[in-house]
Each structure stands twice: as structure tokens, then as C-alpha cells.
Amino acid sequence: MKKLYILLCAVVSSASFAQTFYSENMGTPSGTTAISANLFQNSAPIVYSGTADVRATTPSSGYNGASAGGNVLINAVDEYFQIDGLNSSAYNTADLQLSFGINTPSNVSNVLVVEVSTDAGANWSPLTYTPTATGWTLATIGGGTIPSAATLSIRFKSTTTSQFRLDDVKLSSVSASCTLSLGVATGVCDGFNFGTDTSTVTLPFTGAGNAVYNVSVSPNFGTIGGDNPSSVAAGNIIISGLAEGSTYTVNITGGTCSFTVAVSTPECKPVNPLPLRESFNYAVGASLGAQESWANINSGDNILVASGSLSYPNAVTIGNSVSFTGAGIDCFSPFTATTSGTVYASFMMNVADMTNITTDLSESYFAALTDANKSFKARMFFKRNGTQYQLGFDAASTTTNYDATLRNIGDVVYVVMGYDFGTNTLSAWLNPDLTTFNASTPATLTSTPATAITELGGFIIRQDADNRTPSMVFDELTVATDITSLLGVKQNNIAGLDVYPNPVTNGMLYINTAANLEKTVVIYDVLGKQILNTTATNSVNIASLKSGLYILKITEAGKTATSKLVIK
């Protein structure tokens with residue numbers, strides 16, 4: 001089933017639904033330039049003429065949209081600036097508006113004359129406006145006085161010796177008659193795969209059907225379909241084939257309407273099957289939240305992939321690790337929701353530095369089991385204690401349930417978190433002996449949640465405040481429903497077992513034991529799928545297996561050993 005998301009949707013429309021169809025900022029002259037020689041923003045069919053000139057001095061400022069480049073100087077009787085070749089015929093006269101930046105001298109009653117013509121200047125009609133102040137201001141003229149015509153001319157003319165400057169001339173269609181209304185965009189992931197998936201965005205609309213609308217997406221991506229607002233009064237614009245976790249701009253224009261809709265498509269992160277095994281085998285310096293098994297939540301600096309692995313007795317490690325410190329983004333990895341039995345999570349950690357922790361004995365939690373909705377259910381705590389630190393474990397956001405052991409900077413700690421749905425018991429094992437560790441091994445810490453946990457479906461690596469989270473390295477995360485499947489746990493109940501080489505480089509795996517009996521050898525991939533099942537006494541040919549990380553399970557005379565197997 002597709003998951004439904006509400007997208008970040010920001011709709012921006014210009015004031016009173018304005019659609020600007022002509023705009024001129026007078027270019028950027030290097031000095032005083034004749035109208036005929038100036039490089040204007042617009043070219044044919046727009047034609048500029050006049051006895052005024054274009055200056056670079058006293059640039060426009062102080063009003064919304066001031067371009068601060070060149071401006072036209074009009075400073076003598078009958079001196080003028082004229083614009084021909086304008087076409088306003090697609091718009092209603094009642095909706096047309098002329099705006100321009102005007103630098104008015106000290107007497108605001110002494111205004112620059114503005115006129116319009118529809119017959120190539122044979123006849124001119126004056127327009128009325130009143131400057132709001134001296135200096136640079138923005139003047140607007142509308143109210144049905146600007147003609148709707150295919151051949152519109154505008155002339156700015158002085159009748160005095162006062163000095164006027166002109167900039168940022170615009171013609172817009174401004175109307176409250178735009179009836180198009182947009183709803184909240186929603187999106188669905190087209191798939192949840194380990195790789196980039198696509199999303200489909202649905203944008204509902206009403207009040208359309210009375211104009212020809214153009215719908216576009218920027219950047220140019222995806223396919224636009226669904227209902228056409230040009231012919232349908234209400235429906236859904238559907239945009240398919242958009243990349244997951246990306247931001248796009250949907251532009252809708254038509255009639256007197258102009259909308260810009262910003263939509264961010266959801267991240268289509270797959271739900272990881274159990275056992276979940278994460279060796280952080282990504283490029284060093286990459287963001288963990290950018291990987292397909294993880295998603296960033298909240299904001300701040302990223303949890304980053306760090307070079308190399310941590311080391312703990314009888315734990316086989318490969319790939320890299322991740323590091324983080326202080327405030328920042330938390331990373332969430334979803335896994336198959338589990339409601340019964342026991343869920344375990346194991347990882348290695350190393351507190352590399354805690355000089356940023358300013359308050360002794362202040363606590364913070366840095367790792368947690370959650371439900372599928374990212375609600376915290378079981379938390380691993382850190383507390384600085386002098387030059388050392390302690391680890392705690394609980395369901396609540398604060399705890400007194402701390403291990404008494406004081407640990408040092410640089411210590412590698414192997415952590416196993418567990419929750420038993422049947423007994424409502426949280427258990428944590430800190431630095432267990434992996435050669436003998438099993439479900440009956442006494443836990444270092446236990447607690448009973450005040451409210452029984454009904455579901456576990458995710459794991460979060462958390463960064464708290466700058467003065468609460470130490471610099472930490474985190475490695476070899478595994479989530480499973482049984483101890484045997486914990487990839488980081490190397491179990492060995494077979495006397496004299498010796499498995500070599502590991503990593504395997506020549507396609508042959510050798511197995512020696514004290515009894516030297518026939519053995520059942522089973523190899524699983526990191527998703528728990530059985531890849532090989534065979535019997536052998538001393539050696540197994542695995543040349544057919546691809547390079548990567550596997551689980552090796554050996555059974556001899558009813559006794560079992562499990563470990564990681566690396567093939568290069």
C-alpha cells in the first residue's frame with residue numbers, strides 16, 4: 001500500500017493576483033546615454049524614443065522592486081520619454097495597472113505628465129496620479145484608465161524645468177476577479193526501494209474553467225496530467241515521476257491569476273526487514289540520513305560516516321562507522337513493526353570527547369528503539385561523571401537507572417538493548433562476553449515501562465544539545481528478534497572451532513574443530529536470506545558468492561556457532 005504524505009506546500013501569489021506582462025528597468029548605462037543609444041531591457045516590438053536621456057546617477061531606491069540601475073532623466077520643458085509597441089489587448093481595461101518609480105523634486109504638486117495613446121501617438125490621453133512623497137517613490141495608475149489595445153504607447157513628459165527621474169516601468173493585469181483556488185498538495189511514493197524512487201504529487205483546485213491556464217514545473221521534471229484547470233472548474237493537477245526527497249516549484253498562470261507553489265516530495269525510505277544489519281559501509285563524510293536505510297529528522301548538522309570500524313573482542317566488523325557531536329539532525333531507520341516476542345538492538349560505541357559537556361551529571365539519551373511513528377520507547381542514556389561517564393537505560397525521557405561502572409574516553413562499549421513484550425521488561429547488556437552471550441545472560445540494567453510497549457518499528461541515533469551530547473563514534477548496529485541473529489554477536493559452542501580466512505579472498509573457506517566431524521554450513525545474506533546450505537568436514541567452496549557481508553552458521557553434533565563472514 002502506498003503511504004500518503006502531506007507535502008510542504010507554500011503558495012505565493014502576487015498582490016491582488018497581479019500578472020506583470022511588461023517590465024523595463026532602463027538597463028545599466030555607464031554614463032549619460034541618449035535614448036536611441038541605450039540598451040534597454042526589452043527589444044522589438046517595443047520601441048523607445050524621446051529627448052530625455054538615461055543616466056547612471058541617483059539610482060532608484062526606497063520602494064519595492066527598485067532596480068537601482070539606470071534611470072531616465074527628464075529635466076526640461078517638453079522633454080519626454082516614450083514607449084511604443086506595447087500590447088495590452090489580452091487584458092480587461094478595468095484590470096490594467098501602470099506602475100513606475102519616480103524621483104519627484106521638492107514640490108509634489110509639480111508632477112511629470114503621463115499620457116497614453118492607441119493610435120501611434122496621433123492622440124494622447126493624460127493619466128492622473130499623485131506622488132506620495134518627494135524623492136524616489138512608486139507610483140501606480142489604474143482604475144480603468146489604461147486602454148486594452150494591441151498598439152499601446154506611453155509617454156512621460158515634463159511641462160516644467162524641474163528634474164524628474166524615471167525607472168522600473170511595469171504594466172500588469174491586477175484583479176480580484178481571479179477565482180482559481182489551490183488546495184493542499186499531497187504526494188505518494190511510487191515505491192519504497194533501496195535506490196531513488198519517484199513520487200506523484202496531487203494538487204487540488206477549484207474555481208477554474210474561466211481562463212486558459214499554463215502549468216509548469218521547475219526544475220523541468222516529471223509529467224503533468226490530471227484535470228485541466230482551463231476546462232474543468234474543480235479537480236486535481238497530477239504531477240508524476242518526481243524524484244523523492246526533492247523540492248519543486250509548480251507555476252500556474254492564466255487570466256489574472258499567477259501562482260507559485262513550492263512542493264517538497266516525501267522521502268520514500270524502505271522499511272528494513274529484520275534482522276536489520278548496518279555496518280555503515282558508505283562513503284566517508286557522507287550524511288547518514290541521505291542513505292536509503294535512514295531518514296533525517298529535525299534539523300542541524302548531519303550525522304556523518306567516519307572512516308574505519310570500532311573493535312570489540314569476538315565481534316567481526318567491516319565497513320565504516322558514524323560520528324556525531326552536540327546538537328543536530330537525528331537519524332531514523334525503520335524496520336518491520338514487531339508486537340510480540342523480544343526485540344534486540346546491538347551496537348558498539350566510543351565516547352571520543354566530552355569537553356563540550358559543561359554540566360557534570362547532566363544526562364542525555366543518544367540511541368533509542370521507537371515505534372513505526374518515531375515515538376521513543378527505549379532509550380540509552382549518557383551522563384558525564386567527572387572525567388568519566390556512565391550509561392543508563394530506560395523507557396522515559398529521564399532516568400536514575402544507570403550502570404555504576406565509570407567508563408573512560410576512548411573505551412569501546414558493546415551495547416545490547418532488548419524488550420520482552422511478554423513480560424514488559426527492558427534489558428540492557430553492556431560489554432557482554434560474546435562467546436557465551438545468550439538470552440539467559442543476566443542483564444546489566446533492567447526496567448519496567450510504566451506503560452507496556454505495544455510496538456517497536458524503528459531505531460534512532462540522536463543528537464541532543466551542544467552541551468549534552470559528547471563526540472561519539474557509533475558502529476555495527478543490528479536489530480533482530482533473537483540473540484542468534486544479532487550480527488555483531490559471534491557465538492561459538494563448538495570446541496576448537498577455527499574458521500579461516502575471514503575475509504575470504506580465494507573462494508575457499510576452511511573449518512577446523514576439535515571433533516573434526518561432518519558439519520552443516522549455512523550462509524545468509526545481510527537481509528537474512530539463505531544463500532548456501534551444505535555439509536562439509538573441513539572446507540567449503542564459496543567461489544560462487546559475490547563480495548560482501550554474510551552470516552555464517554555452523555552446526556556440528558548439535559552445537560552451533562555463528563559469526564560474520566566477509567567475502568572480498
Side-chain angles (χ1 to χ4, degrees), residues 276 278 310 312 315 324 330-333 335 338 341-351 354 357 360-371 374-385 388-408 411-434 437-464 468-470 472-483 486 488-489:
L276 184 164
E278 178 60 271
L310 297 179
Y312 184 80
F324 54 93
D330 302 340
C331 286
F332 171 74
S333 186
F335 57 79
T338 304
T342 303
V343 173
Y344 299 94
S346 67
F347 57 87
M348 286 182 277
M349 56 160 286
N350 172 7
V351 174
M354 56 182 188
I357 310 299
D360 213 29
L361 302 180
S362 65
E363 65 180 8
S364 174
Y365 50 96
F366 61 90
L369 284 165
T370 74
D371 62 17
K374 308 181 186 69
S375 177
F376 290 92
K377 299 300 179 181
R379 317 174 204 228
M380 185 59 58
F381 287 82
F382 161 90
K383 178 171 67 175
R384 175 173 178 167
N385 192 334
Q388 297 174 297
Y389 68 92
Q390 295 171 265
L391 295 176
F393 188 55
D394 215 328
S397 59
T398 61
T399 187
T400 58
N401 189 34
Y402 280 92
D403 177 26
T405 302
L406 293 174
R407 305 182 188 278
N408 299 311
D411 288 349
V412 174
V413 183
Y414 195 101
V415 177
V416 180
M417 305 162 58
Y419 178 70
D420 188 327
F421 287 94
T423 62
N424 186 32
T425 303
L426 284 169
S427 302
W429 294 264
L430 305 179
N431 282 349
D433 182 345
L434 300 187
F437 180 55
N438 58 58
S440 300
T441 301
T444 309
L445 297 168
T446 60
S447 67
T448 302
T451 301
I453 299 170
T454 58
E455 176 197 279
L456 290 174
F459 190 90
I460 285 180
I461 303 175
R462 178 176 182 263
Q463 299 187 90
D464 201 344
R468 297 169 70 90
T469 301
M472 188 176 295
V473 179
F474 191 97
D475 198 8
E476 295 295 339
L477 171 68
T478 302
V479 181
T481 55
D482 63 280
I483 292 293
L486 287 179
V489 178

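The basis for the numbers below is simple: all heavy atoms, side chains too, and nothing from hydrogens, waters or symmetry mates.
Evaluation of the side-chain contact (heavy atoms from CB on, under 4.5 Å) rule for A396 yields no partner, not counting sequence neighbours. Here F381 pairs with Y365 under the ring pair (Phe, Tyr, Trp, His ring centres under 6.0 Å) rule; sequence neighbours left out. Residues passing the side-chain contact (heavy atoms from CB on, under 4.5 Å) test with T481, sequence neighbours excluded: L274, T338. Every residue two or more places apart in sequence or in another chain was checked for a ring pair (Phe, Tyr, Trp, His ring centres under 6.0 Å) with F393, and none qualifies. Every residue two or more places apart in sequence or in another chain that forms a side chain to side chain donor-acceptor pair (under 3.5 Å) with T399 is listed here: D394. Judged as a side chain to side chain donor-acceptor pair (under 3.5 Å), and not counting sequence neighbours, the contacts of Y402 are E363. F421 pairs by the ring pair (Phe, Tyr, Trp, His ring centres under 6.0 Å) definition with Y419, not counting sequence neighbours. By the side chain to side chain donor-acceptor pair (under 3.5 Å) test, R468 is found to be paired with D464, residues two or more places apart in sequence or in another chain being considered. Remark: D403 pairs with R407 by the salt bridge (charged side-chain N to carboxylate O under 4.0 Å, His left out) rule, at least two apart or across chains. Applying the side-chain contact (heavy atoms from CB on, under 4.5 Å) criterion to T441, with sequence neighbours excluded, gives W429, F437, N438.
The distance from atom CZ of F324 to atom CD1 of I461, rounded to the nearest 0.5 Å, is 6.0 Å. The NZ atom of K377 sits 11.5 Å away from the CG atom of L369 when rounded to the nearest 0.5 Å. How far CG of D360 is from NZ of K383: 9.5 Å, rounded to the nearest 0.5 Å. Rounded to the nearest 0.5 angstrom, L361 CG and R384 CZ are separated by 10.0 Å. Interatomic distance, T405 OG1 to N385 CG, rounded to the nearest 0.5 Å: 11.5 Å. The line from CG of N431 to CE of M348 is 11.0 Å long, rounded to the nearest 0.5 Å.
Here the shortest heavy-atom pairing between M380 and A428 reads CE-CB, 4.1 Å. Pairing each heavy atom of A378 with each of L426, the nearest pair is CB-CD2, 3.5 Å. Closest approach of A367 and F347 over heavy atoms only: CB-CZ, 4.1 Å. Across all non-hydrogen atoms, the minimal contact from T469 to S364 is OG1-OG, 3.9 Å. Here the closest non-hydrogen pair linking A439 and I483 is N-CG1, 3.7 Å.
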Show your working on side-chain contact (heavy atoms from CB on, under 4.5 Å) between M472 and N350 and close with a plain yes or no. CA-CA 6 Å; M472 188 176 295; N350 172 7; over 6 Å; no
Full working for side-chain contact (heavy atoms from CB on, under 4.5 Å) between M349 and F366: CA-CA 10 Å; M349 56 160 286; F366 61 90; 3.5 Å; yes
Checking side-chain contact (heavy atoms from CB on, under 4.5 Å) for the pair L276/F459: CA distance, chi angles, key distance, verdict? CA-CA 10 Å; L276 184 164; F459 190 90; 5.9 Å; no
Quiz: residues 443-457 side-chain donor-acceptor pairs under 3.5 angstrom, not counting sequence neighbours:
residue : atom : partner : partner atom : Å
T444    : OG1  : L430    : N            : 3.0
E455    : OE2  : A372    : N            : 2.9

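For residues 437-446, no residue pair satisfies the salt bridge (charged side-chain N to carboxylate O under 4.0 Å, His left out) rule, not counting sequence neighbours.
Contact check for S427 versus Y344: no side-chain heavy atoms found under the 4.5 Å cut-off. Using a 4.5 Å heavy-atom threshold, the side chains of S346 and E476 count as separate.
Between F382 and Y389, the ring center distance clears the sub-6.0 Å criterion.
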